[in-house]
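Beneath this line is the structure, given in structure tokens, with notes to follow.
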Amino acid sequence: MPTPMADQDVLSMRQEDLMAWMTANGHPRFRGQQLFEWLWRHHARSYDEVKVWPDGLKQETAFKLPLFRLSLVTRQAAQDRTTKLLLALKDGQRVETVLLPHRYGYSVCVSSQVGCAMGCHFCASGLNGRIRHLTAGEMADQVDFANQVLQERGSHISRIDVMGIGEPLDNFVSLTRFLEIAHDPGGLNLSYRHMTVSTSGLVPAMKKLADLGLPVTLAVSLHAPNDPLRQSLMPINRAYPLAKLIPMCRSYLEKTGRRVTFEYLLLKNVNDGESEAHQLGQLIRGFPSHVNLIPWNPVAEHPYQPSPNARVRRFQSIVHEYGISCTIRRELGQEIEAACGQLRLREEEPVSP
Ligand code: SF4
């Protein structure tokens, strides 16, 4: 008796992979195109929902290529319409996905791993280390789930930020396959220019992404303008110090034509002084970039305090003095624990009797 091809993940297959699969299994190529569209345009949760298929093909494909979609564990919505989803994967692991409202529509913040190996000292996601990578399909399904939520509001996702739980470039193959599925007009149909990938600074993988030449925005989590301070916040800085990271950012711009965004979390009396602002300006001036200052959202597990507004404004004005574009990120969804990893950690805490 034949066995199902459980190692093949239908949601991680590109349109051309599905067409090739259909041909290999004795069916016309166009069946692959139909399946891709029913998965991503019509949000089919089972093969029974692929209305244009005969029953025999539904049964055969369900057997050979099982379909598992994410399921909702918890949904929290803030007054500003920021919505946080805790979603279950097929092995019971959970990931967070956040929908963020903007003037132009909605963006979705996608997780790329369960947990994270990078161990940044200010981050809730890395507290228990990396449990596993997400597949391309599990990343794409977060966007699909977000689109279904937004259907209720007559809207849809306009931008993807791979900035949720995990280090996306530590999961490079699945990440780039996800970007392809998201870009495909038969799939999620988003321009590469409307996608941002964050990184804590994995320089070799940044180079691989730059070599692909995709016009995807790269958001580098900088958080400190000198090596000793950055090392104290982000262990990855030992392997890839600023002398390697900053030239790589310049090279990314040259290869893709996309300026890099530097993310800078402001922690009171840690990295938010005038001296750090000047060091930052000196470090990154000379090539087009953008600095995004992020107010700290307190996490019970960490001792840091948010910078007072006046300090945030002063920091921004010093960065501007160096001719660098610099904005302060709006604080969205504060009352629903919008710092990455917080919802998952809370859900995993044992409930007291
Ligand atoms: S900040 Fe990002 S890279 Fe660092 S531990 Fe958290 S999820 Fe990982």
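Computed over heavy atoms, backbone and side chain alike; hydrogens, waters and symmetry mates excluded.
- Judged by distance alone, the side chain of D141 and the main-chain N or O of G137 form no donor-acceptor pair under 3.5 Å.
- At distances below 3.5 Å, at least one donor-acceptor pair connects side-chain atoms of N271 with backbone N or O atoms of L265.
- Aromatic ring orientation, H183 versus Y192: parallel (interplanar angle below 30°, classes split at 30° and 60°).
- In this structure, C249 and F287 have side chains that are in contact, with non-hydrogen atoms separated by less than 4.5 Å.
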**Test log, rule salt bridge (Lys or Arg N to Asp or Glu O under 4.0 Å), inputs K255 and D211** = CA-CA 7 Å; K255 288 191 174 164; D211 289 343; 2.6 Å; yes
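- Two residues are said to be in side-chain contact when any heavy atoms from C-beta on lie closer than 4.5 Å; Y252 and M206 fail this criterion.
- The environment of CZ in R132 is crowded: more than 12 heavy-atom neighbours from other residues, nucleotides or ligands sit within 6.0 Å.
- Listed for the N171 side chain is a donor-acceptor partner under 3.5 Å among the backbone atoms of L134.
- S111 places a side-chain N or O within donor-acceptor distance of the main-chain N or O of I165, the cut-off being under 3.5 Å.
- F122 and H223 have their aromatic ring centers within a separation under 6.0 angstrom.
- At a threshold of 4.5 Å between non-hydrogen side-chain atoms, the residues F68 and D9 do not count as touching.
- A donor-acceptor contact shorter than 3.5 Å is absent between the side chain of D272 and the backbone of L266.
- Between I324 and S289, the shortest heavy-atom distance links the atoms CG2-OG, 4.1 Å.
- With contacts defined as side-chain heavy-atom distances shorter than 4.5 Å, the pair H290/R259 qualifies.
- A 6.0 Å sphere centred on NE2 of H27 holds more than 12 heavy atoms belonging to other residues, nucleotides or ligands.
- The cationic group of K268 does not satisfy the cation-pi geometry with Y304, failing either the under 6.0 Å distance to the six-membered ring centre or the 45° limit from the ring axis.
- Test N292, L280, L222 against F262 for side-chain contact (heavy atoms from CB on, under 4.5 Å) and you get one pass: L222.
- Annotation for L99 and V149: closest pair CD2-CG1, 4.0 Å, computed over non-hydrogen atoms.
- Closest of all the heavy-atom pairs between C326 and Q316 is O-NE2, 3.0 Å.
- The backbone N or O of T135 sits less than 3.5 Å from a side-chain atom of E138, completing a donor-acceptor pair.
- Side chain to side chain, R177 and S12 fail the donor-acceptor criterion of an N or O pair below 3.5 Å.
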**Item:** Trace of the salt bridge (Lys or Arg N to Asp or Glu O under 4.0 Å) decision for R69 with E49
**Value:** CA-CA 13 Å; R69 298 218 81 145; E49 294 179 19; over 6 Å; no
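- Ring geometry for W40 versus F36: interplanar angle over 60°, hence perpendicular rather than tilted (30 to 60°).
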